[in-house]
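Here is the structure we will look at, set down as structure tokens.
Reckoned from all heavy atoms, side chains included, excluding hydrogens, waters and symmetry mates. Letters A, B, ... are given to chains in the order of the sequence lines, protein chains preceding strands, and every chain is numbered from 1.
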Amino acid sequence: MEQIPENLKHYLENIVKDTLKSTFNVETEVVFEETSKPEYGDYSSNFLFRLKKGLSEPIQTVGDIITLEVMKKLQHIADEVSTQTGFLNIKLSNKTLHNVLRRINNNPEEYGKVDTGHGEYINLEFVSANPTGPLNVVSARAASVGDSLKRIMNFAGYRVESEFYSNNAGRQVENLVASVKWWINKIKGIEEPFPLEGYRGEYLKDIAEKIIEKKIPEDKLAEFVTDTILNDQLETLREFDVEYDHVTKETFIRESKYPGLVLRILKEEKFLFFEDGATFFRATDFGDTEPRVIIRRDGTGTYFFYDLAYHLYKLQRGYDRLINILGPDHHGYIKRMEAGLTALGYPKKIKIMIVQQVSLLKNGEKIKMSKRRGEFYTLKELLREVGKDAARFFFLMRTKDAHLDFDIDLARKIGKENPVYYVQYMHARSHSLLKHGEENSLYPKDSNLRLLQLPEERLIMRKLMFFPDTVERAALRMEPHEIVRYLLQLADIFHNYYQKNRIVNKEKPELSGARLYLVLAVKNVVKRALSLIGVDAPVKM
RNA sequence: GCGCCCGUAGCUCAAUUGGAUAGAGCGACGGACUACGAAUCCGUAGGCUGGGGGUUCGAGUCCCUCCGGGCGCGCCA
């Protein structure tokens with residue numbers, strides 16, 4: 001039944017590449033992409049421009065010959081091959097598009113899977129908030145991007161495991177514990193001045209009450225407080241449909257062999273020096289702007305030191321690559337970490353992505369947030385106000401490099417102005433169309449797909465065909481945002497089609513069967529695409 | 001001062017990473033349900049892509065420079 005190649009895009013690329021080699025003895029990369037406009041065909045490549053310099057013949061001659069050769073080889077799947085203003089355009093036959101529909105509906109779970117990753121084993125760390133308070137909205141954005149990326153990359157042939165790192169040690173934890181103690185004393189009626197670097201925030205009062213109730217001993221306070229907050233963070237993330245494969249605590253790292261291992265390797269390689277009683281790492285040997293302290297004058301390790309140990313630990317677990325998603329305040333840290341891992345013998349094993357800031361808008365005004373005063377908008381509050389789906393979708397509407405204005409009022413609105421409903425409505429509408437068909441004894445059928453003659457129908461089939469390419473792009477660029485854009489475009493043409501044409505029509509059972517088959521394919525792809533970004537596909541809204 | 005991100009329609013943002021005539025939504029104006037969900041659709045108006053220079057077949061995209069906005073630059077984490 002399957003008459004089309006496993007991966008259309010790569011198939012076309014290989015055909016043209018081979019033809020160039022056999023006809024002109026030229027080797028070059030050929031990339032096909034969706035044409036900017038449907039009038040140009042379906043797939044287009046600009047390799048002729050790139051080739052221009054290395055060719056003796058005029059570009060048009062080469063184009064003409066390639067066009068003929070490629071057409072010959074693609075007769076079974078394409079209608080037209082042409083060169084226009086330097087682009088090689090290919091228009092696939094309707095039969096090919098029909099087979100795409102069959103592929104989708106025969107195996108909805110598999111459609112869109114690609115093997116971009118070739119099984120590369122990846123550790124993806126994101127959020128990793130300090131256990132000093134509830135998760136804020138920047139963490140929410142990182143969670144949305146990170147978790148979607150994991151889903152997408154796993155669908156694209158990678159083996160991705162997600163990880164949360166909790167810095168439950170160090171000075172900030174001392175400050176945190178001091179703040180909790182202040183609350184404990186206050187509850188017991190002992191008034192003292194609030195710790196200088198303490199954490200404000202009512203959530204610490206609840207923890208203090210629990211400590212009194214459970215009679216937690218003094219030496220277990222730090223552990224109890226950080227674990228309580230960590231568990232609360234993970235619980236909130238679960239409500240956000242974010243599950244982690246691994247959770248690692250800094251206390252675990254500190255007690256492990258890895259800090260010692262880091263010191264030993266750096267010492268043996270002579271990447272350390274001593275000054276003012278402190279131990280420095282020669283980060284400048286690896287592109288950083290200055291040497292970095294790893295052991296302070298007082299003999300304690302820096303945050304960077306234990307972070308190096310943590311990353312060494314991750315690498316020794318066998319990953320091919322580490323990916324970290326960090327907030328915008330960490331970009332100064334990238335060079336340092338890359339330098340450190342290179343020195344430890346793992347060059348180019350880490351990719352650090354920065355997710356930009358989030359501003360929350362309410363009533364058209366930015367909400368002011370101050371961590372110090374304990375005033376910030378939490379992920380929990382966001383979930384309560386706009387819901388999981390709108391929150392996740394909104395965080396993916398911009399590329400991760402851009403600042404994001406999150407308009408809470410808009411996210412709560414219902415209608416096209418709120419894109420998440422626009423997309424989910426496409427799924428609900430497909431579902432009710434299929435149901436409506438059943439009530440009239442009309443079912444999706446692939447026997448008369450040639451009746452799908454309308455330009456809008458071709459547009460939809462074409463878009464469905466591009467889904468695997470979209471998954472590949474999103475994975476390679478590490479931009480979940482690509483999936484969101486795809487859904488919005490598909491929704492546009494689908495709603496347009498629906499509005500103009502009747503799908504279920506008892507007078508025309510054959511046409512109805514074909515159209516319902518198309519609708520079923522749309523529903524299947526939308527459901528899958530939404531699952532890749534962790535958004536529900538409702539059948540009723 | 002140094003480093004990173006951003007500047008595109010009145011507003012919020014896209015633009016297949018250097019490609020074809022720069023596109024959507026909101027807002028404004030005008031239309032479409034006695035047929036499958038109007039949470040939808042169709043149309044009109046709106047642009048010197050912050051300014052200037054460069055690179056080339058081709059620049060919103062790359063380089064230089066200036067202007068404007070955000071963030072970061074601890075033996076904090």
Below 4.0 angstrom from OP1 or OP2 of A38(B), is there any side-chain N or O of R429(A)?
-> yes

G7(B) versus U16(B) - spacing of their P atoms, nearest Å = 13 Å

Note: E174(A)-R171(A) ion pair, threshold 4.0 Å (strictly below) = no

Can you tell me, in whole Å, how much space there is between the P of U21(B) and that of A28(B)?
-> 34 Å

Check the distance between C42(B)'s C1' and I493(A)'s CD1 and give it to me in whole angstrom.
-> 17 Å

Span that lies between the C1' atom of C76(B) and that of U56(B), in whole angstrom = 49 Å

Select base, sugar-phosphate, or nothing to describe what E34(A) touches, counting heavy atoms under 4.0 Å on all strands.
-> base

L488(A) CG to U40(B) P, straight-line distance once rounded to whole Å | 12 Å

Where along residues 496-514 of chain A does a heavy atom fall under 4.0 Å from RNA chain B?
-> N496(A), Y498(A), Q499(A), N501(A), R502(A), I503(A), V504(A)

Between E250(A) and R254(A), does at least one N-O distance fall below 4.0 Å, as a salt bridge requires?
-> yes

Confirm from the modelled atom types if S44(A) and A20(B) form a donor-acceptor pair under 3.5 Å, side chain to base only.
-> yes

Which part of the nucleic acid, if any, lies within contact of T399(A), taking any heavy atom under 4.0 Å across all strands shown: a base, the sugar-phosphate backbone alone, or nothing?
-> sugar-phosphate

Report the secondary structure of RNA chain B in dot-bracket form, marking unpaired bases with a dot and bases paired to a different strand with |, and treating Watson-Crick or G-U pairs with both distances under 3.5 Å as paired.
-> (((((((..((((.....[...)))).(((((.......))))).....(((((..]....))))))))))))....

Pair Y425(A) + H495(A): ring centers closer than 6.0 Å = yes

Side chain of V293(A): nearest nucleotide among U16(B), C75(B), U40(B)?
-> C75(B)

Rounded to the Å, how far apart are N324(A) CG and A77(B) C1'?
-> 15 Å

Rounded interatomic separation in angstrom, taking CZ from F49(A) and C1' from G58(B) | 7 Å

Lys/Arg-Asp/Glu bridge criterion (N-O < 4.0 Å) met for E34(A), K463(A) = yes

Can you check whether R429(A) reaches F494(A) side chain to side chain, under 4.5 Å on heavy atoms?
-> yes

When all nucleic acid strands are considered with a 4.0 Å heavy-atom cut-off, which category describes V539(A): base, sugar-phosphate, or nothing?
-> base

Pair K17(A) + E29(A), salt bridge at N-O below 4.0 Å = yes

What integer distance in Å separates F47(A):CZ from G19(B):C1'?
-> 14 Å

What are the atom names and distances for every N/O pair under 3.5 Å that joins the protein to nucleotides 68-74 of chain B?
| residue | atom | partner | partner atom | Å |
| --- | --- | --- | --- | --- |
| G70(B) | O2' | Q357(A) | OE1 | 3.4 |

Of L464(A), L459(A), V423(A), which meets side-chain contact (heavy atoms from CB on, under 4.5 Å) against L490(A)?
-> L464(A)

Could you measure between the two P atoms, the one in G30(B) and the one in U49(B), and give it in whole Å?
-> 31 Å

Whole-Å distance separating the CG atom of L490(A) from the C1' atom of U40(B) = 15 Å

Going by an N to O cut-off under 4.0 Å, is there a salt bridge joining R462(A) and D42(A)?
-> yes

Contacts of T279(A) that satisfy side-chain contact (heavy atoms from CB on, under 4.5 Å) - sequence neighbours left out = L272(A), F274(A), I294(A), I295(A)

With centres under 5.5 Å and planes under 30°, do F87(A) and G19(B) count as stacked?
-> no

For R473(A) and K540(A), take the nucleotide of RNA chain B holding the closest heavy atom to each; which residue's nucleotide lies nearer the 5' end?
-> R473(A)

Under 4.0 Å between any heavy atoms, over every strand shown, what does D469(A) touch: base, sugar-phosphate, or nothing? Just pick one.
-> nothing

Collect all protein-nucleotide pairs involving nucleotides 8-12 of chain B in which both atoms are nitrogen or oxygen and the distance is under 3.5 Å.
| residue | atom | partner | partner atom | Å |
| --- | --- | --- | --- | --- |
| U12(B) | O2' | R398(A) | NH2 | 3.3 |

The side-chain contact (heavy atoms from CB on, under 4.5 Å) partners of F194(A) (sequence neighbours excluded) come to S179(A), W182(A), R200(A)

When rounded to whole Å, the CZ to P distance for the pair R485(A) and A22(B) reads 17 Å

Would you mind telling me which residue lines up with the more 5' stretch of RNA chain B, L88(A) or A169(A), judged by nearest nucleotide?
-> L88(A)

Between G70(B) and C13(B), how far apart are the P atoms? Round to whole Å, please.
-> 15 Å

With a centroid cutoff of 5.5 Å and a plane-angle limit of 30°, would you call Y40(A) stacked on A20(B)?
-> yes

Value in whole Å for how far the P atom of G19(B) lies from NZ of K37(A) | 14 Å

Within-4.5 Å side-chain heavy-atom neighbours: I229(A) and Y203(A) | yes

Of all heavy-atom pairs between N130(A) and Q233(A), which one has the smallest distance, and what is that distance?
-> O-NE2, 3.1 Å

K388(A) NZ: over 12 foreign heavy atoms closer than 6.0 Å = yes

Is it true that K435(A) and E439(A) make a salt bridge, defined as a side-chain N closer than 4.0 Å to a carboxylate O?
-> no

Are D288(A) and R292(A) ion-paired here, with the side-chain N under 4.0 Å from a carboxylate O?
-> yes

With the side chain defined as heavy atoms from C-beta on, R50(A) is closest, among A20(B), G18(B), C36(B), to G18(B)

Determine, stepwise, if the pair Q424(A) / D389(A) fulfils side-chain hydrogen bond (donor to acceptor under 3.5 Å, both in side chains).
-> CA-CA 10 Å; Q424(A) 289 184 315; D389(A) 287 339; 3.1 Å; yes

In whole angstrom, give me the gap between the C1' atoms of C26(B) and C66(B).
-> 34 Å

For nucleotides G60(B) and A9(B), find the distance between their P atoms and express it as a whole number of Å.
-> 15 Å

Expressed in whole Å, how much space separates the C1' atoms belonging to A38(B) and A32(B)?
-> 9 Å

Report yes if a side-chain nitrogen or oxygen of R296(A) is closer than 4.0 Å to either non-bridging phosphate oxygen (OP1 or OP2) of C76(B); otherwise report no.
-> yes

Using a strict cut-off of less than 4.0 Å between a Lys/Arg side-chain nitrogen and an Asp/Glu carboxylate oxygen, indicate whether E163(A) and K314(A) qualify as a salt bridge.
-> no

Nucleotide of C75(B), C41(B), U16(B) approaching H495(A) most closely (side-chain heavy atoms) | C41(B)

State which of G18(B), C75(B), U40(B) makes the closest approach to the side chain of Y422(A).
-> U40(B)

Base, sugar-phosphate, or nothing: which does N89(A) touch, judged by heavy atoms less than 4.0 Å apart?
-> base

Which glycosidic conformation, syn or anti, is assigned to C4(B) if syn requires a torsion within 90° of zero?
-> anti

Given A15(B), G23(B), A77(B), the nucleotide with the shortest approach to the side chain of H481(A) | A15(B)

